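Values in this document were obtained by computation on a predicted structure and should not be read as measured data.
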Amino acid sequence: MIYLSQLLGNPVLDADGEKVGTVSDLGIATGEVFPRITSLAFMGPGRTPIMISWRKFVDTYDESEVRLKVIATDLRFSYLQPDEVLLARDILNKQIVDTHGMRVVRVNDLKLSDTSSTQLRLLGAEVGARGLLRSLHPALERVALRLARTFGHPMPEKIIAWSYMDLVERDLSNVKLSVSHKTLDDMHPADIADIIERLDPRLRGQVFAQLDDEQRASAMAEFDDDAMAAELMGAMNERDASRILSEMDPDDAAELVSELDYDKAEKLLRLMGVQEQRAIRQLLGYRENTAGRIMTSEVASIAATATVEDAVELLRGLDEDFEAVRYVYLTDDDGKLSGVVTLNALIVAEPGTRLSELATQDLITASPEDDQEDVAENIAKYDLLAMPVVNDEGRLLGIVTVDDALDVLEEEHAEDLQIAGGSADGEDSGHASTLLWLVRRNAWVALWAVGVLALTLAVGGRLALAETLAIAIPLAVALVLADDSISYVTNFFLEHDPEDEDAPSMLGFTFRGLGIGVAAGALVALLVVALMNLILSPAVPTSGPGEGSLGDALVTGGFAAAFSTFVSFALTPVYLGVLRRRDAANKETSGFTLTIVAMVVAVAVFTATALLLAGPGGTVGAGW
């Protein structure tokens with residue numbers, strides 16, 4: 001086994017051992033299961049690019065050199081064929097679609113296998129850390145492997161076989177590939193959407209253009225980022241975009257149209273059929289985040305006087321792309337919802353049975369103005385597959401299906417995680433996520449170091465380093481408590497809806513925060529004084545003439561940390577107000593960002609208070 005990175009840059013020697021150039025690339029024939037190396041590209045004298053046939057001219061190869069069968073004067077140039085690509089130019093460091101793992105990855109190296117003394121074949125792409133380290137320098141990979149084994153965390157190769165690779169970045173003016181997007185086309189729409197979302201922006205349109213209208217419509221409905229879907233839609237010509245909207249379910253199409261600018265949306269709607277346009281416009285008439293906005297108007301409804309046979313005929317006549325049917329809804333002579341019949345009941349009933357005899361009369365319904373989260377929670381609470389949405393007169397407007405309810409709950413859960421400082425990204429795994437978790441959980445360490453630096457610069461050498469550090473020690477406690485103050489805010493925000501009559505008032509929250517701040521600040525001050533008495537002798541000598549004692553410095557830091565802690569909790573109503581205002585504006589807020597803000601405020605308050613206490617007349621003021 002050998003890797004492309006181990007061949008690139010190696011000398012190319014002719015039959016007489018004379019150097020004729022250095023390896024710059026290898027060509028492969030893409031139409032094979034494990035493509036064979038067909039061409040050798042190298043830089044000749046004067047940096048002249050040369051390409052020759054691998055089979056005709058290469059004699060032997062290893063990690064140090066490539067030796068040819070003939071002398072330099074007998075070489076004959078060759079050119080890439082339509083079904084060939086260059087590994088370094090066209091694949092290395094490029095994004096590819098792993099059609100087996102349903103993800104987008106970047107190629108860090110390429111693994112080759114010798115099938116004979118001279119024949120090389122491409123096995124697959126290395127997409128892990130080993131390939132990246134190896135491409136930088138083989139010694140880096142060896143060191144990393146030894147370290148990994150030492151700590152009991154082996155670094156396995158992450159190889160994607162060529163048969164599972166689907167190239168997404170192609171310059172068709174230079175090379176024509178025989179590898180198609182058939183494997184990508186056969187994926188589930190949710191997997192296609194997931195892959196497109198992870199591509200570089202300049203590549204999304206290329207992959208999206210390979211799909212037919214039905215596949216594009218299905219993928220559009222699965223995007224987590226509505227703005228990204230709108231961007232793709234906006235880049236398409238208007239007739240194609242309108243045709244895709246027509247293929248989508250009305251609720252998904254309405255959600256997408258709402259992300260487009262007004263003029264673009266109106267043009268697309270006018271190009272649609274009358275029925276599709278009316279359905280989308282009706283949904284757009286409801287406020288965002290309401291049941292009316294996420295419901296679908298495609299409902300299987302029939303008169304309550306009809307029979308089972310009539311209902312079956314109704315279901316048989318539905319379009320193939322009709323929203324999934326779980327229930328048949330019954331309406332009376334005035335068009336009001338009077339009952340619902342499950343598909344199970346229809347299947348086992350006699351054809352002549354009246355539907356009113358099978359119907360469930362005790363219905364759980366929603367109003368189109370109900371909050372979407374409340375509707376989703378009720379669907380989960382009552383184990384429903386769909387919930388009917390009715391107006392004030394009881395007329396059936398549409399239904400909210402369980403898949404839309406799950407999307408709402410997932411969205412709300414992701415927002416709650418983000419506000420609470422967690423991660424909603426399912427891809428966060430492995431070493432990268434561990435490092436990110438450490439950074440998030442230990443941000444106070446970096447800010448503590450910033451505080452120490454700021455304090456050191458402020459005192460300007462008027463205190464000994466030991467005394468400056470003694471002042472700064474309690475800052476760590478103040479930073480941890482600043483983090484706790486944000487946790488207190490986010491927990492309150494997630495647990496209490498301000499529109500709930502039973503929710504605590506902002507005034508009550510404010511007084512509670514002030515009380516916690518006073519108690520926590522007093523506790524910090526007492527702990528620091530106790531620590532000083534425990535560790536330091538009553539008479540700690542000064543470090544020199546004009547310098548305060550370590551004990552005084554520690555007390556100064558303790559009182560500064562106490563006041564900083566009080567300020568952190570006193571500001572909790574401000575942070576809660578920010579969360580609520582941004583939530584009302586439908587904007588996301590990162591709990592981690594709030595934590596950093598609170599810690600920065602804590603460092604500023606601590607530093608200012610410590611300088612004030614340590615100034616002339618302060619605790620260690622004698623040394624200033």
Side-chain angles (χ1 to χ4, degrees), residues 189-190 193 213-227 229-230 232-234 236 238-262 264-302 314-315 317-329 331 335 337 365-372 375-376 379 384-391 395-408 411:
D213 287 347
E214 183 178 352
Q215 291 168 328
R216 283 190 276 186
S218 300
M220 280 283 191
E222 298 292 343
F223 276 115
D224 292 328
D225 188 346
D226 294 330
L232 283 173
M233 180 70 73
M236 300 170 59
E238 292 170 357
R239 292 197 174 277
D240 289 344
S242 179
R243 195 168 58 249
I244 290 175
L245 280 178
S246 299
E247 292 280 348
M248 299 175 69
D249 293 332
D251 54 332
D252 294 325
E255 185 68 26
L256 181 54
V257 168
S258 68
E259 294 289 335
L260 300 173
D261 65 76
Y262 178 79
K264 180 74 173 182
E266 281 298 316
K267 289 180 181 178
L268 298 185
L269 289 173
R270 284 198 295 268
L271 289 172
M272 296 176 65
V274 177
Q275 288 185 335
E276 292 92 345
Q277 182 182 157
R278 182 188 300 116
I280 293 174
R281 288 190 185 276
Q282 286 176 345
L283 296 180
L284 288 173
Y286 298 107
R287 292 184 298 110
E288 288 189 13
N289 301 323
T290 61
R293 197 59 174 269
I294 63 172
M295 73 178 182
T296 178
S297 55
E298 293 184 340
V299 183
S301 63
I302 196 170
L314 170 70
L315 296 178
L318 296 178
D319 292 337
E320 184 178 343
D321 59 350
F322 194 86
E323 182 81 32
V325 178
R326 285 93 172 182
Y327 306 102
V328 174
Y329 296 92
T331 56
L337 180 66
T365 62
S367 165
E369 295 300 324
D370 287 348
D371 185 90
Q372 63 177 12
V375 175
I379 289 177
L384 301 177
L385 295 177
M387 178 179 286
V389 181
V390 298
N391 61 14
R395 295 179 184 274
L396 181 63
L397 301 176
I399 58 173
V400 177
T401 56
V402 66
D403 54 330
D404 290 326
L406 287 174
D407 288 341
V408 169
E411 178 183 334

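Heavy atoms only, all atoms of each residue included: A279 and S297 are closest at CB-OG, 3.7 Å. In terms of heavy-atom proximity, A291 sits nearest to S367 at CB-O, 3.4 Å. Looking at every heavy atom in both residues, E247 comes nearest to A217 through CB-CB, 3.5 Å. Pairing each heavy atom of Y286 with each of G292, the nearest pair is CD1-O, 3.5 Å. Of all non-hydrogen atoms in A254 and L283, the two that sit nearest each other are CB-CB, 3.9 Å. Closest non-hydrogen pair, A386 versus Y327, comes out as N-CE1, 3.5 Å.
Not one N or O on the side chain of S242 forms a donor-acceptor pair closer than 3.5 Å with the backbone of R239. Under the 3.5 Å distance criterion, the side-chain polar atoms of D261 are matched with a main-chain donor or acceptor of K264.
Going from atom CG of L314 over to atom OG of S301 covers 7.5 Å, rounded to the nearest 0.5 Å. Annotation: the span from E255 atom CD to I294 atom CD1 amounts to 9.5 Å, rounded to 0.5 Å. Annotation: the span from E259 atom CD to F223 atom CZ amounts to 13.0 Å, rounded to 0.5 Å. Put simply, CG on D404 and CG on D252 are 6.5 Å apart, with the number rounded to the nearest 0.5 Å. We find the CG-CZ distance between L245 and R216 to be 11.5 Å, quoted to the nearest 0.5 Å. Expressed to the nearest 0.5 Å, how far CD of Q215 lies from CD1 of I244 amounts to 11.0 Å.
Looking only at side-chain heavy atoms (C-beta outward), L232 and M220 come within less than 4.5 Å of each other. Residues D249 and E298 are in side-chain contact: their nearest non-hydrogen atoms beyond the backbone lie under 4.5 Å apart. Annotation: side chain of M387 is not in contact with side chain of T401 (no heavy-atom distance under 4.5 Å). L284 has its side chain within reach of S258: a pair of non-hydrogen atoms, C-beta onward, lies under 4.5 Å apart.
Using a cut-off of 4.0 Å between Lys/Arg side-chain N and Asp/Glu carboxylate O, E214 and R243 are scored as not salt-bridged.
When D251, L397, I399, V375 are each tested for a side chain to side chain contact (heavy atoms under 4.5 Å, CB included) with M295, only one passes: L397.
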